Amino acid sequence: MATPETPENEAAGERIEGAVLRVVHHNPQTRYTVLRVVRPGEVAPQTWVGRSTGIEEGMQVTAAGEWTHHPNYGKQFNFARIAAKAPTTLPGIQRRLERYPGLGAEKAERIVQRFGLDTLAILDKSPRRLLEVEGIGPKTLERIVAHHTARGGPTAEIENQLLELDLPTHFADAISQRFGETALNVLRQHPYRLAREVRGIGFITADKIARALGVDLESDERIEAGLFHTLEQSEQNGHCALPMPILVQNAERLLELPPARIEPAAMALVRSGALVLDQRESDEGEPLPPLCYPPRFYDAERNVAEILTDIALGAGKGRGRWTAVDPPPGLSAGQLAAIAAIRDAGLVILTGGPGTGKSTVTRAIIDTALANESPVLLAAPTGRAAKRLAEATGQRATTIHRLLEIEGGTGEFFHNAQNPLPEGLVVIDEASMLDLPLAEALLLALTPQHRLLLVGDADQLPSVGPGNVLRDVLAAADRADSPIPVVRLTQIFRQAEGSSIVTSAHAILRGKVPESDRSEGGQFYVVQARDSERAHELVLKAITERIPKAYGLDPRTEVQVLCPMHKGKAGTEALNAALQAHHTAGAPELVLPGRPPRVFRVGDRVMQTKNDHERGVFNGDIGLVTAVDPERQILTVEVDGDPVPYDSKQLNALQLAYAVSIHKSQGSEFPAVVVPLLGEHHVMLRRNLLYTAVTRARRLCVLVADPRALTQAVHRSDAARRFTGLRERLLTALRERLGERRTVRHIDGA
DNA sequence: TACGGCAA
Ligand SMILES: Nc1ncnc2c1ncn2[C@@H]1O[C@H](COP(=O)(O)OP(=O)(O)OP(=O)(O)O)[C@@H](O)[C@H]1O
């Protein structure tokens, strides 16, 4: 019986090399690239996917990344970094020549045999020597030279320059495409323009070129490039902008220059419009350090603020008051208030703690809309949260990306300002995970005739991308004079009254490290684990021994493991494999060959991770394996009572679901959860993450934690400190619009 | 330095 091995070399990522056989796809805008690559000593090509610029057929490349599975295209290597080696190997040069017109494999080989590593230099400097090679006549020579100089020219010069500097040559094409004849000049005189104007070249590469060339390290261009780079870096921490002093301070460290050189450069960028400076003051009117934005985020905030204002103030005509329908029995006062609020408002924010029935009450809200002949559109930022919303409402719900219909090829949305979504009530659940660019895309696809219900809890997870949309909108809407209704639910339904899950969650929010509830049938536990090996064991032990014995829960279907990360001994991948080995040992199984082999057994709990419109299974669907056919390499999963067949290709989009990431669990609930928290998770450990994980549990929450990791998670609360300005933008938009109204009325009255 | 959603 096969026990799946945990992948060992994947945790740190892998480094592999090969020769590019074919560029299957390349989008110059997004740099999204699909390659077929042949590894040294192998024959069958493999698929590599990632972002890159200037990769061409025949290049020797090295890449760092990891192996993944794609539902339609199978096993593939997802690279985070890729670099072309200069064609310094004979086969590399030969492959390059093979693509020249008039040269096939045979002649190319003969040329390379004759001139060896000097081949390219000879093509550059004395191409007539090619006539020395058997089979190459004047005609062929002419075509070769024409092609070589056409593709060469500036590109070849750039390549040579890069080679001289001992830098990778694969940027040469992109550089010469962008700057044409002047490329070499730009490279030598203004290397930092490359960082801004050539996709794929960042500050670090440009700085290497500049340093190698001995360019002035105090030039304005270098400082400006450093400022842009600093802002891009902070985007990864969720910021849309940086306060000027912090921007200068971070740039100082990057550039190793004094602030007195950096500040004026930043101000010059602001004057030219390359950066936007937002002068701020506190609510008390005290000046605050101004925020410095990349223009696209400033514009996005303004668009979001304007459109939210349009919808909130009902700029559209014909959006009357909805008539009430009888609500279902047993709703809390807050839930009833939420139903009432949407009847005559364009925009409503529905918030409140975990398990207060926010998602649940949307069902009654939707009934009100439908009774008033308004269509409804439901969506959430993650597939799993969308699925939960669909279950809670009995309506179709999708990811926001799918609602807007992301287009193949461009990655743009089908629905936008020119082609808005069909009118009706739009419900966005788990809105705390909505980032600024997606919020902008969503709102651009709405009209003032739409109604919008934003549902979420700002204490739960913030978006992965930049922005803090829900928190900012709430901060503006919560002001006494705000016209945006906020309904706040307080009565908790998920856990029993007085549950230590709730008191522990509240302790976490207040920055206190929670402790085990040692009372009879206690619902909250912290089990100490020194390291991830031990944690792995303790998680298994809790699930297979302690929890079934003490709480009478079915370990396979009622206990959910929630992990901060996928990788590592205490990540979803390793724990899923270990839990499977326990839960379905001995059941009929299907083993898919590969490294490591993938195993599915009858009885396994599984989750679909990609949208498959044709078969009607979507990212976030959870099911149970009901039958396997090892001979035909197929199996059946029951999803929502329907059998869904999977062939070996489609199984690439299926994962075990005994352990899932905390991000994907937001919105869901389980009788019991077990959460590993370890040093290896430190990059992820935040208060919101822990709070979200704990509050998924209805009856039992067990933290298997290294005490230091737990303390870190409780104390780190930087979601509250993302630098964004949507609150101010929204307040300004509302003030302007309300002011306008008053003015209009005043004129009317006069 | 990772979490989510996409792309042929
Ligand atoms: N009025 C009610 N009476 C009884 N049970 C309720 C009521 N409202 C909600 N519930 C139950 O409470 C649980 C939590 O509800 P729900 O998932 O809607 O909460 P939520 O506020 O959306 O939580 P989260 O913030 O975690 O997404 C569910 O099991 C739901 O069935």
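Given the structure is predicted, the values throughout are model-derived calculations rather than measurements. In what follows, chains are A, B, ... by sequence order, proteins preceding strands, each numbered from 1.
Across all their heavy atoms, L678(A) and A535(A) have their closest contact at CD1-CB, 3.4 Å. The two residues V704(A) and A529(A) have their closest heavy-atom pair at CG1-CB, 3.9 Å. Taking each heavy atom of V660(A) and Q560(A) in turn, the nearest pair found is N-NE2, 3.5 Å.
Residues from residues 656-669 of chain A that place a heavy atom under 4.0 Å from any atom of DNA chain B, listed by number: S661(A), H663(A), K664(A).
Residue contacts for M565(A): at a heavy-atom cut-off of 4.0 Å it reaches the sugar-phosphate backbone alone, with no base atom in range. Among the protein residues, Q76(A) comes within range of the nucleic acid bases, having at least one heavy atom under 4.0 Å from a base atom. Nucleic acid contact for N619(A): sugar-phosphate only, since backbone atoms but no base atoms lie under 4.0 Å from a heavy atom of the residue. G465(A) comes within contact range of no nucleotide atom at all, as no heavy-atom separation falls under 4.0 Å.
Taking side-chain N and O atoms only, S463(A) has no distance below 4.0 Å to OP1 or OP2 of dG4(B). Contact between the side-chain N/O atoms of N611(A) and the OP1/OP2 oxygens of dG5(B) is not found at any separation under 4.0 Å. Using a 4.0 Å cut-off, some side-chain N or O of H566(A) falls inside it from OP1 or OP2 of dG4(B).
If N237(A) and P381(A) are placed on DNA chain B by their nearest nucleotide, the residue sitting closer to the 5' end is N237(A). Where V49(A) and H401(A) meet DNA chain B, the nucleotide closest to each residue was compared, and H401(A) sits on the side nearer the 5' end.
Considering only the side chain of M684(A), dA2(B) comes nearest among dA7(B), dA2(B), dG5(B).
Between Y691(A) and Q460(A), the closest side-chain pair of non-hydrogen atoms falls below 4.5 Å.
Of the candidates E235(A), E440(A), E232(A), E235(A) is the only one forming a salt bridge (Lys or Arg N to Asp or Glu O under 4.0 Å) with R296(A).
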